[in-house]
Amino acid sequence: MADSLNVPPQSQATDSLLRRLAGPSTTKAGLATDQTDINRVIAEASKGSKFYENEKRKDKDLTKKIERILKQRDEARKGVDIAHVEHSVDQLVRSPRSCIESRYNLSHQLAKMEAQRDLSQIIVHVDMDAFYANVELLDNPRLKGTIFAVGHGVLTTASYEARKFGIRSGMPEYIAKKLYPDLVVLPCNFGRYSEMSKKVMDIFRRYDPNMCAASVDEGYLNITHYCEEHVLTAEECVQQMRQTVEMETRLTVSAGIAPNKMLAKICSDRNKPNGQFKLDFNPQAVKAFMQDLSIRKVPGIGRVNERLLESIGIRTCGDIYTHRAALSLMDKQFGLHYLLQTYLGIASNHVEPYHRDERKSIGAERTFSAISEKEKIFKKLEEVAAELEDDMENRGWTGKTVTLKYKLDTYKVYTRAKSFDRWISTKKEDLFAIGKELLLPELPLRIRLIGLRVTKLKDLREDADSKPGGIKRFFESTSASSSPRKKRKVDVHQDEGPRLSQDGYEEAMPGFHDEDEEELEDEDDIDYLEHPPGGKPISSASTFATPVASGSKMSSKPTSMSRLTAKRDFSTGPSRSTSPEKPSPSKHCTKPPSRAAEPGGEVQSQICPICSRTMEMDNTAFNAHIDFCLSKGAIMEAQVEASSSSNSRRSTSVRPSPRKHGPSKKLLRRGRGR
DNA sequence: GCGGATCAC
DNA sequence: TATGGTGATCCGC
């Protein structure tokens, strides 16, 4: 098949490098006409920088990878009857019954594809328009008409006027100013954004109390019930909802209405800003919609996967079907199942709020001007350790694995991890010590970023909440009425009603979260390495007493990268990440930032607007706390906690388990696993 | 379990 | 002069 070979690899690479430099949001948010010009300016401004060189390296690696894939594909095609392969795939997609004879043994999942298409739920994706920028506009109307952006160093948001000049989020400020020298750049004002976010989300929750806030400015709703109850069409409902938001907050929101989350998300982009788009709820319309849709619009397909797919001739979702034979032959690399689902426009339609126990990791990292001195590096490490301690302590987490991350001044990133068989101490000294141990064998280095992350988490707050509590537990003995605790996971077989879940494939997967057994063991495993409530933290020395595995082997190994993927969820659950940009240098700075002389004043009881906790402290400390809360992903979490109390309405135990529900875990062959 | 990578926001 | 931070997930070892 020569059709996919007609792309000169050379110019393709150049092109892709330009696109790479242009930033991730280029393709997603359909841009102006002279994007080529803009890309040229960006490339020129970048040229020669270490960042640029690193992008070039990545691009070259990708080109090599593509060459390998094409070779593999051609190899796989030899002696294969393409028509026969295509026919097999057709059966998989179209007639479930005949799948039984499939030589791919995918029948039991694939048979569900078209047959299980569920059009019964009205899913809405809501997306605030240029959220940060519009909040700024709200607070300062004089900005109207000016070309401005929010952030510093790197932009987090560009106003719509600024976008016309090619200015986008994620773009370094100095490049943005090359595109438009008079650009006004405002500092982030997270407190305001989160405040407004809460207001907006509260409005959304009137339409679906069970909605899922996917980030500060985005969410998914299931309005099926609301529409029935109020006898509204989906469009009327969403129209009304958007009007209400604008009326009550003066902020505009765009929305997509579709039978599942993936489609809804794509649709919300269709009439942005301040518009909505509804997809017809029938298989033909959905498939027609997908047919010419750029594969890049599919959530989870980024620049890399776009290029990989493009290399075998797939640019639109319709092309997936055209090239089904190649994809089938290279299922391992591309994930046929996921792509076919995408082609059909089938994905998850489950909407539920974020819950604490979905969290998998917690971490902190910091970028600075490159340094090589050991002492300075350790100092930075100490600072992130302190931040991480605060974060974990404040939010009630511990874990078993610590991962060190560092980025060389060449922008190459490395990680080194170490696991323990006990819950680690979250004291900064201990986190620091672990990080140091991981870092030491790597030195000397010249780095521009350092970070620590803890995984294999244990929720300490859950203990506090659902257990009778500390000591008492020992006295209560095991009467019949012992606390149910964790059993949340076990009950619940069905949501309300017979609704399908689209991702039956995924749901059918047993043991999706391996935490089950672990948590069960841990029930009685109260001997945290952590200081038990009231106890003392264990010293770093003893922390190191029982490592389970050691990371840090040898260092660099630029070698292999034999993988290629293309799938992944789109909205695999809420990401709490609130925003980029400098997490303010609040507390734990060794040197107090010049934060103007705040009297501080007397200690008093205050309630943090972000995490809702009551605290006894003076104003200075309180402000520092707020900075801290805002600087991390705390916003979403706080919102969720705040809302969960008010939303007991139609789902109290509607959570089968802390599971995601994206279109598919990821391709992957059938079964078992995970 | 570890390390490299991709992706979203 | 100069390109973020948090979190999730996947693949190949």
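Values reported hereafter were calculated over all heavy atoms of this structure, with side chains retained and with hydrogens, waters and symmetry mates removed. Proteins get letters first, then strands, A, B, ... in listed order; numbering begins at 1 in each.
Residue contacts shown for Leu21(A) are absent, as no nucleic acid heavy atom lies under 4.0 Å away. Among the heavy atoms of the strands, none lies under 4.0 Å from Tyr52(A). Using a 4.0 Å heavy-atom cutoff across all strands shown, Thr403(A) reaches no nucleic acid atom at all. The residue Arg20(A) sits apart from the nucleic acid: no heavy atom pair falls under 4.0 Å.
One can place NZ of Lys380(A) at 14 Å from P of dG4(C), the figure rounded to the nearest angstrom. For the pair Leu308(A) CG and dC10(C) P, the computed distance is 17 Å after rounding to whole Å. Rounded to an integer number of Å, the gap from CE of Met171(A) to P of dG4(C) is 14 Å. dA2(C) atom C1' lies 13 Å from atom CG of Leu155(A), rounded to whole Å. If you measure from atom CZ of Arg19(A) to atom P of dT3(C), you get 24 Å, rounded to the nearest angstrom. Look at NZ on Lys60(A): it is 15 Å from P on dA5(B), rounded to the nearest Å. Taking atom CG on Asp59(A) and atom C1' on dT3(C), their separation rounds to 17 Å, with Å as the unit. Between the CG atom of Leu408(A) and the P atom of dG4(B) there is a distance of 10 Å, given to the nearest Å.
For the pair Arg448(A) and dG4(C), the criterion of a side-chain N or O lying under 4.0 Å from OP1 or OP2 is met. Contact annotation: Arg453(A) side-chain N/O to dT6(C) OP1/OP2 distance is not under 4.0 Å. A close approach under 4.0 Å does occur between a side-chain nitrogen or oxygen of Tyr411(A) and OP1 or OP2 of dT3(C). For Ser361(A) and dA8(C), the shortest distance from a side-chain N or O to OP1 or OP2 is below 4.0 Å. Distances shown here put every side-chain N or O of Arg416(A) at or beyond 4.0 Å from the OP1 or OP2 atom of dC2(B). Close to dG1(B), at under 4.0 Å from its OP1 or OP2, lies a side-chain N or O of Lys456(A). Within the 4.0 Å cut-off from OP1 or OP2 of dT6(B), not a single side-chain nitrogen or oxygen of Arg303(A) is found.
For the pair Thr415(A) and His125(A), nearest-nucleotide mapping onto DNA chain B gives the more 5' position to Thr415(A).
Across dC2(B), dG7(C), dA2(C), the shortest atom-to-atom separation from the side chain of Lys178(A) is found for dA2(C). Residue Ala417(A) places its side chain closer to dG3(B) than to any other of dG3(B), dG4(B), dA2(C). In this structure, of dG1(B), dG3(B), dT3(C), it is dG1(B) that holds the atom nearest to the side chain of Ser419(A). The side chain of Ser49(A) sits closest to dT3(C) out of dT9(C), dT6(C), dT3(C). Candidate nucleotides dG7(C), dT6(C), dG5(C) were compared by shortest atom distance to the side chain of Ala364(A), and dT6(C) ranks first. Here the side chain of Val304(A) is nearest to one of dG4(B), dG5(C), dC7(B), namely dC7(B). Closest contact between the side chain of Phe51(A) and the listed nucleotides dC2(B), dG3(B), dT3(C) involves dT3(C). Nearest to the side-chain atoms of Arg366(A) among the listed nucleotides dA8(B), dG5(C), dA8(C) stands dG5(C). With distances taken from any side-chain atom of Ile175(A) to the nucleotides dT3(C), dG4(B), dG3(B), the minimum falls on dT3(C). Of the candidates dC2(B), dG4(C), dG4(B), the closest approach to any side-chain atom of Lys407(A) belongs to dG4(C).
In this structure, a donor-acceptor pair under 3.5 Å is present between the side chains of Asp129(A) and Ser254(A).
Under the 6.0 Å distance and 45° angle rule, Lys400(A) counts as a cation-pi partner of Trp423(A).
Glu365(A) has no carboxylate O lying under 4.0 Å from a charged side-chain N of Lys407(A), or vice versa, which leaves the two without a salt bridge.
Ring geometry for Phe51(A) against Tyr411(A) counts as perpendicular: the plane angle is over 60°, on a 0 to 90° scale with 30° as the lower cut.
Minimum interatomic distance between Glu393(A) and Thr426(A) (heavy atoms only, all atoms of both residues): OE1-OG1, 2.8 Å.
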What pairs of donor and acceptor atoms, side-chain ones from residues 173-180 of chain A against any protein atom, are under 3.5 angstrom apart with sequence neighbours left out?
{"residue": "Glu173(A)", "atom": "OE1", "partner": "Gly153(A)", "partner atom": "N", "Å": "2.9"}
{"residue": "Glu173(A)", "atom": "OE2", "partner": "Lys177(A)", "partner atom": "NZ", "Å": "3.2"}

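Remark: Glu382(A) engages Phe432(A) in a side-chain contact (heavy atoms from CB on, under 4.5 Å) (not counting sequence neighbours).
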